[in-house]
Amino acid sequence: MSGTSPGPDHSSGDTPTPDEARFSNGGYNAGIAVLSYMIGGIAVWSLIGWGLDNLLDTRWLVLAGAFLGAAGGFYLSHMHNLTQDHTPDPQRGDRPTSGAEDEPE
């Protein structure tokens with residue numbers, strides 16, 4: 001006996017990496033994260049705009065805050081790499097990576 005236990009072999013690729021685990025539900029988790037960034041950004045920046053509207057006696061800053069929040073939410077989700085296609089490639093059985101389309105045959 002070599003002293004190893006007959007447990008699951010983690011070197012064979014059966015255990016998902018943290019990046020694979022984040023997108024393991026077919027993009028559902030990434031979609032929920034993008035949606036929460038967008039809704040959170042719109043809510044926070046609309047409240048800031050509403051407060052500034054009341055303070056400055058204007059009526060357009062709440063709308064500007066909503067657009068700024070939506071843009072900020074999309075920017076955050078893009079920077080966290082949530083807006084790219086992370087669906088598995090059914091022919092190869094793995095996930096697409098940058099430059100995977102230009103493979104030599």
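Every heavy atom of this structure was used, including side-chain atoms; hydrogens, water molecules and symmetry mates were not.
Counting heavy atoms from C-beta outward, T58 and L52 have side chains that stay 4.5 Å or more apart.
Under a 4.5 Å side-chain heavy-atom cut-off, the cluster of Ile, Leu, Val, Met, Phe, Trp and Tyr residues that includes Y75 is completed by M79.
In the hydrophobic clustering of ILVMFWY residues, with side-chain heavy atoms under 4.5 Å counting as a link, L68 and F74 come out apart.
Listed by first and then second residue, the ring-ring contact (aromatic ring centres under 6.0 Å, His included) pairs involving residues 40-71 amount to none (not counting sequence neighbours).
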Which side-chain N or O atoms in residues 36-43 pair as donor and acceptor under 3.5 Å with protein atoms at least two apart or in another chain?
unit_1, atom_1, unit_2, atom_2, d
S36, OG, I32, O, 3.3
S36, OG, A33, O, 2.8
Y37, OH, H80, ND1, 2.7

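The distance from the CG atom of L61 to the CD1 atom of I48 is 11.5 Å, given to the nearest 0.5 Å.
Taking both residues in full, the closest heavy atoms of V62 and D53 are given as N-OD2, 3.0 Å, listed atom of the first, atom of the second, then distance.
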